[in-house]
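What follows is a single structure, written as structure tokens, with notes after it.
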Amino acid sequence: QVQLVESGGGLVQAGGSLRLSCAASGRTSSNYAAGWFRQGPGKEREFVAAISRMGSRTYYADSAKGRFTISRSNAKNEVYLQMDSLKPEDTAVYFCAAALAVVTPTTPNRYDYWGQGTQVTVSS
């Protein structure tokens, strides 16, 4: 079992930055790939970014490329999402997820564990 707790969400003006953190407990952190997803009002949950078990590979949705950076510290059992140049359309609940798959997945159904989410609101 892996327990995930997100933090760092909040209200920010367009063009601003936020850094989300995801603290993991349970299984050794290097045993899982990690991803960030988001779900806006009335929308389906969508992929934002993912990182491989050892952090050597990262993957981004087109909407996140060039603005968001995913990273991890296996020593701290934490995963991060640095979000810069935020836009109002980035407003959503952001979820951290962990996958036991060997290949880093980018779809929600491939993830085994989920956090409770943290709200990000970007004002125009």
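Atom set for the values below is all heavy atoms of this structure, side chains included, hydrogens, waters and symmetry mates excluded.
For the atom pair CZ of Arg19 and OG1 of Thr69, the computed distance is 10.5 Å after rounding to the nearest 0.5 Å. The distance from atom CG of Leu20 to atom CZ of Phe68, rounded to the nearest 0.5 Å, is 8.5 Å. Interatomic distance, Thr121 OG1 to Leu86 CG, rounded to the nearest 0.5 Å: 11.0 Å. The distance from the CZ atom of Arg72 to the CG atom of Asn77 is 9.0 Å, given to the nearest 0.5 Å. With rounding to the nearest 0.5 Å, the separation of OH in Tyr113 from CG in Leu100 is 5.0 Å. Atoms OG1 and OH, from Thr106 and Tyr59 in turn, are 9.0 Å apart once rounded to the nearest 0.5 Å.
The aromatic ring centres of Phe95 and Phe37 sit 6.0 Å or more apart.
The side-chain heavy atoms of Ile51 and Thr104, taken from C-beta on, include no pair separated by under 4.5 Å. A heavy-atom distance below 4.5 Å is not found between the side chains of Met83 and Val12. Contact check for Thr91 versus Val120: no side-chain heavy atoms found under the 4.5 Å cut-off.
Both Trp36 and Val122 are members of a single hydrophobic cluster when ILVMFWY side chains are connected at heavy-atom separations under 4.5 Å.
Salt bridge present: Lys65 and Asp62 bring a charged side-chain N and a carboxylate O closer than 4.0 Å. Salt bridge present: Glu46 and Arg38 bring a charged side-chain N and a carboxylate O closer than 4.0 Å.
Here disulfide bond (SG atoms under 2.5 Å apart) pairs that include residues 39-104, with residues two or more places apart or in two chains, are Cys22-Cys96.
For CD of Glu44, the number of neighbouring non-hydrogen atoms (other residues, nucleotides, ligands) closer than 6.0 Å is 12 at most.
Not a single donor-acceptor pair under 3.5 Å links the side chain of Tyr60 to the backbone N or O of Arg67.
Donor-acceptor pairing under 3.5 Å is recorded for the side chains of Tyr80 and Glu78.
Taking both residues in full, the closest heavy atoms of Asn74 and Arg53 are given as ND2-O, 3.1 Å, listed atom of the first, atom of the second, then distance.
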